[in-house]
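Just so it is clear: chains get the letters A, B, ... in the order the sequence lines come, proteins before strands, and each one is counted from 1.
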Amino acid sequence: MKAVAASSELGARRIISRQQSLFLSKRCNATGETSISFRPRPYPSTLVTYPVSHWQRNITAGFHTCRVLSETENKFRNGDPSELQSNISRPLITAEDEQLRKEDDDDDDDRYGRFDDDENDDLWKEYYNSDQHVTKSWNDDSSDVSLTKRLWLDPKSPLKERVNRFVNSPLGSLHHLDIKIGSIDLIKQCGKLHSFQGMKYAQDILDRLIEEKRHVNANNTWPVMVVPDRPFQYVMYSWANLCRRVPFASQRMREVLDIMIQENADDKETKERILKERSKSAPDDDTDNQNPILTSEDTTEDLFADISCQPTVSTYNTLLQGLSQAAMRSIQSAIEAEEVLSVMEKMHRNRGWHTKPNTRSYSLVLNAYAKCRHDSAGERAEKVLRDMIQRHEQDIEAYRTEYQEDYDLQTMDNNRRRIVTPDVVAYTSVIQAYGNSQKPGSAEKALALLSELIHSDNPAVQVDAFAFANTINVYSKMAAKKASPESRNQAAMRAEKIWWLYVEELEKRMGDESGQSNLEASIVPFNAALKAIAASFTKQSPHQTEELLFKLLEQNNPNFHIYPDTISFNTVMQAWANASKVETSTGPERAEDLLKLLKTSALDDDPSRRVHPNVQSYVIVMNAYAVSRRTDSVAQVHRLLTELLGEARERLFKEDEIINAVPFTVLLKAVAKSNKKENDNEAAAEDPFGVGMDERDKLSMDPYSVAFQTYSEMKFDVHGLGVQPDHFAFAAMLDVIAVHTDMDSVERRQRVNEVFEDACQAGQVSSLVVRSLQSACPNEAFLNELLQLPRGESVTSMETVNVFQRQWTRFVPPQFRRVTKRKDSFLAKTSSKPFQRSKDRGENRNGNKHIDNERMPRKVKQAAKNKDFIF
DNA sequence: CTAGGGTTAG
């Protein structure tokens, strides 16, 4: 009878698993009748429970069951259909998955390390070296268990098969170490896929463990089997890693936590039931003892059963970690993170769980506020910080009364346990949070926190370079956002002042040998200050950045170990590039002067003063020319590209510096910006730059041909750099065609067709490509034919590039999938060239507006338009 | 459960 129930459970589980959207759990109720429950996704707190007989009936019905399930499911999913949709029947690895993985490549084993205990090493050895066949089940008396090969141990097998074998292994056949270790290893690897499919596997494994537990405990054996907290925690952790990209990932984490809590409660119940059961049915079995607890040799096992999957600090910290990632989408997650802190507190107080928030818990909440862009984030974060400080003081008191000694803030290792301690990192997160606020006074509050750090005599709270850099960044953001050039410059100057404050503190502490100070010499605050000035976008800013750079280059204190690096130079060069859009600007030359300076610095006698240019340095200068209004911009950019490729050929760049499509794209951009007619006139002009013969040949090429040559160099990777055009490149090339061919020419159609096909093949059809394609196509019919849109569909009604076949958009990053709506598609466009038009529009907009019409950065313009800030 | 926080290009 039990076997029937068990197999029907398994069947039900499989069916539900196929549905992919239900989270199954099973439990025995008080009367011992088994029922199976599931949670419809959008409402995890709703538990739908059927007695096992229901499942038995429906399993025989086969296909019908799925139907029944879907209907039940549908009832619950009115809220969020997209959520479910995204989870249903995906191929093993989807394009999005591919993208997800690409984005977070840095994520590997050591991040999981936090859960790993050294003590498990021995277990592992025992486990892995043990017979590859099942020798021992949970109860150790499983002679009738079939000898199934434990494929999931074999790291060489495909993950899919390993998971399948694990999940579908017969109930009762799992080795206890399969549960404690094998499952965790599998879940980890599933989580590493960073895919929905992987997450489904992970959840399946977890389900399977719970299923095993139910099955084993149904036999009233002792000790009671439990599923430990770690598998749950790893599933949560895997979701946490998806929180930045996947809107509902944090919801999934909460579900797992809910189930954990419920399972923990169930385990307690089960234990009591079995105890009662055993003392009733076999009171005389063991003549010595009636109480199985006392007969059990392995008391740790029993202890373990008591705790089972009870959430711990680290469980909640995992949740917080996810929420802090999710906070980038909305402040709501950060607020929720803050609420989790009090939940942890409450669970600790009321249930005696080990969930008292620790330093890391608070940090994660602060970090959540630092990441979310919201005006109130700074103040909320500061409140949490103040709570934390208060908490700290309370805990110090409590520690003193508990141990009759003071908590040692100096040497943490001397303490008997850790207490919540605010530190630089906590402060720095709050400073960051203020940086996202446009409320007046936010930056000042950030600065106040910095000075609190500087003057702190608490050994646990000491300023470091991070704190300075972050405060500078707050002003840097302000410098980029303010409407008037004066206030932008003012903010930039405040940023610079903080850099000097850093220098001052650094020198002050240099003689100090107390060893207390964390303050290291770092170039980062300096670069942050440079960036702030560059971002202020005034007429003076490039000059100011350069001046500051030279101050540091020329300083000559042998005790002072901060010297500009490549980023410093690049930032100043970028400031010049930003200024280059204006007519008669000398920005490009000034940027190039710095590039030359970089090249000579690379050969400096003093090794500490050697600074090398990198690919980015070239790109910045090239871009300065590209955006300038010089008539020779294409030639200049081409010259620099050639130079860059030459340096690359001679391996002058660091090995880890790979050349991507960016430099090539800049050239295309230059060509697209160059007006066709102007260049027809210029074509005959003599080369004014006295370059060599070979170079002259190239320079005399017309820009359109240069663009095509560059395009194919990129496409066929003729320089052997591993370069592939990406969607920026394809879009830029389409722009080139739009500007340099006649609207109704055959050339236009052929070239557009060709480039678009390349983009499709490369899986790079992004919103940028679509927009450029729209401008390049002679008419709507041609466009629709290229895009193969179904009848009735049009580009103007299109919202994302996801409507295309997956193949075309395989490698498009998510932020370039959304198509920006443009009302004018073909109506207004007959004669004018796309770039002229957008230029005109820009000028008009500037003309209508008041302030500093040349220098306003785009963001400022938009903000000014919305009247978001008036100071 | 020592992690949690900082800088440049199309």
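- Using a 4.0 Å heavy-atom cutoff across all strands shown, T566(A) reaches no nucleic acid atom at all.
- Rounded to an integer number of Å, the gap from H638(A) NE2 to dG10(B) P is 20 Å.
- Atom OH of Y434(A) is separated from atom OG1 of T471(A) by 12.5 Å, given to the nearest 0.5 angstrom.
- Nucleotide dA3(B) holds its P atom 22 Å from the OH atom of Y427(A), rounded to whole Å.
- At the heavy-atom level, A661(A) lies under 4.0 Å from base atoms of the strands shown.
- A donor N or O paired with an acceptor N or O is not found under 3.5 Å between the base of dG4(B) and the side-chain atoms of T359(A).
- The CE atom of M714(A) sits 11 Å away from the C1' atom of dG10(B) (whole-angstrom rounding).
- Counted by atom type alone, N527(A) and D565(A) present one or more donor-acceptor pairs between their side chains at under 3.5 Å.
- Side-chain atoms of N527(A) and base atoms of dG6(B) include no donor and acceptor less than 3.5 Å apart.
- Residue contacts for A732(A): at a heavy-atom cut-off of 4.0 Å it reaches no nucleic acid atom on any strand shown.
- Each of E592(A), E546(A), H543(A) was scored for a side chain to side chain donor-acceptor pair (under 3.5 Å) with W576(A), with one residue passing: E546(A).
- Distance from the side chain of F728(A) is smallest for dG10(B) among the nucleotides dA9(B), dG10(B), dA3(B).
- For R509(A) and E520(A), the salt-bridge test fails: no basic side-chain N is under 4.0 Å from an acidic carboxylate O.
- The side chain of T571(A) lies closest to dT8(B) when the candidates are dG4(B), dG10(B), dT8(B).
- For T428(A), the listed nucleotide lying nearest its side chain is dG5(B); candidates were dG4(B), dA9(B), dG5(B).
- Side-chain nitrogen and oxygen atoms of Q432(A) include at least one within less than 4.0 Å of the OP1 or OP2 phosphate oxygen of dG6(B).
- The distance between atom CG of D423(A) and atom P of dA3(B), rounded to the nearest whole Å, is 13 Å.
- Residue P525(A) is in base contact, counting any heavy-atom pair closer than 4.0 Å across all strands shown.
- With rounding to whole Å, F466(A) atom CZ is found 8 Å from dG6(B) atom P.
- For the pair I620(A) CD1 and dT8(B) P, the computed distance is 10 Å after rounding to whole Å.
- Between H727(A) and V769(A), the closest heavy-atom pair is O-CG2, 3.5 Å.
- Taking atom CG of residue N570(A) and atom P of nucleotide dA9(B), one finds them 9 Å apart after rounding to whole Å.
- Ring centers of F526(A) and Y502(A): at least 6.0 Å apart, outside the cut-off.
- Contact annotation for D464(A): base contact, defined as any heavy-atom pair under 4.0 Å involving a base atom.
- For V615(A) and V424(A), each mapped to the nucleotide of DNA chain B holding its nearest heavy atom, the one lying further toward the 5' end belongs to V424(A).
- Remark: the Q616(A) side chain and the dT8(B) base include a donor-acceptor N/O pair separated by less than 3.5 Å.
- Residue S617(A) is classed as having no contact, given no heavy-atom separation below 4.0 Å to the nucleic acid.
- Here dA9(B) presents its P atom at 13 Å from CG of L530(A), a figure rounded to the nearest Å.
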